[in-house]
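Please read the structure below before turning to the comments.
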Number of protein chains: 2
Amino acid sequence: MPSTIKDVAARAGVSLATVSRYINGTGKLRPATAERVNAAIAELGFRPNAVGRSLSTSHTKSLGVVIPSLSNPVFSDAVSGINEAARAEGYRLMFTSTEYNRAEEVEAVSSLLEYRVDGLILTVADAEEAPALDLLEAAGVPYTLLYNQSGRSARPAVTIDNVAAGREVAQHLLALGHQRLGMVSGSFSASDRAMARRDGFTAEIVARGFPAPRVLEVDFVNSEVEEALVLLMRDRDTAPTALFCSNDLLAISVIGALERIGLNVPEDVSVLGFDGIAIGTHLHPTLTTVVQPSRDMGQTATRQLLACLQGGSDPDTMILPYRLQIGESVGPAAKPSPTGPSELNQTK
Amino acid sequence: MPSTIKDVAARAGVSLATVSRYINGTGKLRPATAERVNAAIAELGFRPNAVGRSLSTSHTKSLGVVIPSLSNPVFSDAVSGINEAARAEGYRLMFTSTEYNRAEEVEAVSSLLEYRVDGLILTVADAEEAPALDLLEAAGVPYTLLYNQSGRSARPAVTIDNVAAGREVAQHLLALGHQRLGMVSGSFSASDRAMARRDGFTAEIVARGFPAPRVLEVDFVNSEVEEALVLLMRDRDTAPTALFCSNDLLAISVIGALERIGLNVPEDVSVLGFDGIAIGTHLHPTLTTVVQPSRDMGQTATRQLLACLQGGSDPDTMILPYRLQIGESVGPAAKPSPTGPSELNQTK
DNA sequence: TTTAACAATGTAAACGTTTACATTCTGAGA
DNA sequence: TCTCAGAATGTAAACGTTTACATTGTTAAA
């Protein structure tokens, strides 16, 4: 059993309170007393017990982190940012993932509340309908959402304006002469962000007098992207000349699939992603994508949560800037092929 | 302040111990008593305090997880596996990353020891020289390494045989007629795995009577891959016809860079990766790579650590199987070009 | 009806640390 | 030298829960 503050006190010939004052730097100590305590700590290999401290102070100096998955680097990057900012303030992270499942969200929050984390940073499937957030609010535990659209629920979130980003994507593609646009997205029910991106994208296109984009909702994990694209791109004369993907992993997957069915990116079809994950700049073609500042978002969410925990105001919604990063995967609209039905149509 | 067991006891008209027995399912309770306790819990919105429980039982039911970075999906996948196995046993994860820095490793372990995590799962830069592991052993806290080579230190690890994998990569490439091999790796001082892969790769090539491979050690984050490759591939008659990369992110990066300098993969140069991250199967060309079972490794490490915590034997080294997954990024050795210095040589 | 054995429940101390309040020590000023 | 104010340190209870041991209740058998 590791040494406790009692052992240190006994060894140094002082009281528990004196050792506590030394460890925490609270209150003055005579140099000789401090030296004796320090020596006792070293001799005993004492290490403060955060559990005892948590009980007596009612603060654990830990933050709960709940995200859908670590498989998407956009969440990994954010957790890195959270970790940095938390560490800087002496906080630890208690972590869990939910695999986009609402019941898992509730279970995760429940458990973190049992561990008495001081606050939480989390991404839920839908900020509007989140029993997990209801639980947090009922418990009075501060939290900040990450990436979620705060929408009409006015729940505090660090995010970007996904609707505006979707619109800007549409503007960019239309400006390049693309008139037949498509979108490939993950599940809308699992991501209010994907919904917002689609909504902005579609609204802009329709407002500009173009036909609404074809929207493909795919299960990225189950690798049905290629099949879906074969159908979408079957008729080159009516197929989209540009595809907006709801995240970068999907965009990368779409590019691979397009090339496999004989289409060149961006010559035959342009592809535009979302998130700005690092690998996108190392590929060929490099990815044109909407970059959200994931690491900054993680840091910002953490800082404002910690500010709240340290007596500041409640967390609020913060919209950070995104930027459209031009890569090689988007080019001018392809000119119509001079021949009739495309070579693709003839492929078995 | 949330309700405590005292409040529940008062409300139900029973003792603290009775409420504790109800919560934990230890000891028998009359149905009427159980019902009164249950009603009191519901009325008060009581939620057990894991901090109090941890202090009195000396167990936190949490595991510390220390990994270099979440930026590489191989770690994210492993953490997903750890999370699954831990959750199944009612454990939480306390998480931190070290960015491949030994001082950070020590600080991370130190802090997790303060929080009294029951055990740790971690990846360190070098299992042979790890002050963080010295600290854990001195504290008597069980741990399992993940991915690290256990080598002569005999520290418990869940890993694969990286040396054997390196050899098998060499065999595979030599069997395809490649005679001039190269390796692109991340920093060896930050990854004993990368060292082991190089050692196996090199040993096999030399044993087969071929010249030792050219080894490029690059800083993937600082995007110097392309510059390095231009130099390596300058003279097509002497340049490697296949490159082994120490991880998949690097391999993907190398493919992009090769294509950008005008070389086709695998026609002009083959590229083989390591890890088996999911995105590798969605690219064009799909990645030929050594797949380690990251999620399984995470689960296995967790299970054996938990078995130890629950009275079983100490964690041991477990070597899980890897497999060489054939993709499209490796092909037969390119036949020498019929002309003199390559076009590449003339590019400014 | 009484007794005894077992079930059910209560009591109280401990886990490690913090900290309000109390006590002792020290040094400066009268 | 004495006194007083502030410095330094000690005391003890509390934080929430667990659990060994004690006590009370209940039921069946004699």
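All figures in this text were calculated on a predicted structure; none of them were measured in a lab. Protein chains get the first letters and strands the later ones, always in sequence-line order, with residue 1 at the start of each.
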So what does [X] touch, heavy atoms closer than 4.0 Å: a base, only the sugar-phosphate, or nothing?
X       : answer
B:Ser20 : base
A:Val14 : sugar-phosphate
B:Tyr22 : nothing

Choosing from [options], which nucleotide comes nearest the side chain of [X]?
X       : options                : result
B:Thr18 : D:dT17, C:dG10, D:dC15 : C:dG10
A:Ala17 : C:dT19, D:dT18, C:dG16 : C:dT19
B:Asn49 : D:dT17, C:dG10, D:dT18 : D:dT17
A:Leu16 : C:dG10, C:dT18, D:dT17 : C:dT18
A:Arg30 : C:dT17, C:dT11, D:dA8  : D:dA8
A:Thr33 : C:dT9, C:dT17, D:dT9   : D:dT9

CA sep, side-chain torsions, deciding dist, call: A:Arg53, B:Glu114, salt bridge (charged side-chain N to carboxylate O under 4.0 Å, His left out): CA-CA 10 Å; A:Arg53 183 200 299 140; B:Glu114 283 203 21; 3.4 Å; yes
Which whole-number value in Å describes the distance from [X] [atom1] to [N] [atom2]?
X        : N      : atom1 : atom2 : value
A:Leu55  : D:dC15 : CG    : C1'   : 4 Å
A:Lys28  : D:dG6  : NZ    : P     : 11 Å
B:Tyr115 : C:dG16 : OH    : C1'   : 15 Å
B:Lys61  : D:dT17 : NZ    : C1'   : 15 Å
A:Arg36  : D:dA8  : CZ    : P     : 14 Å
A:Ile5   : C:dT19 : CD1   : P     : 11 Å

First encountered from the 5' end of DNA chain C, between A:Ile23 and B:Leu29: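 On the 5' side of the pair lies B:Leu29.
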Donor-acceptor pair, side chain of A:Asn24 and main chain of A:Ser20, under 3.5 angstrom: yes
Check: A:Arg21 side chain, D:dG10 base, donor-acceptor under 3.5 Å: yes
Residue of the set B:Thr98, B:Asn148, B:Leu133, B:Thr96 for which side chain to side chain contact (heavy atoms under 4.5 Å, CB included) holds with B:Leu122: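 With B:Leu122 as partner, side chain to side chain contact (heavy atoms under 4.5 Å, CB included) holds for just one option, B:Leu133.
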Residue pair A:Pro142 / A:Leu305, side-chain heavy-atom distance below 4.5 Å: yes
CZ on A:Arg47 to CG on B:Leu113, rounded to 0.5 Å: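 Here the interatomic distance stands at 4.5 Å.
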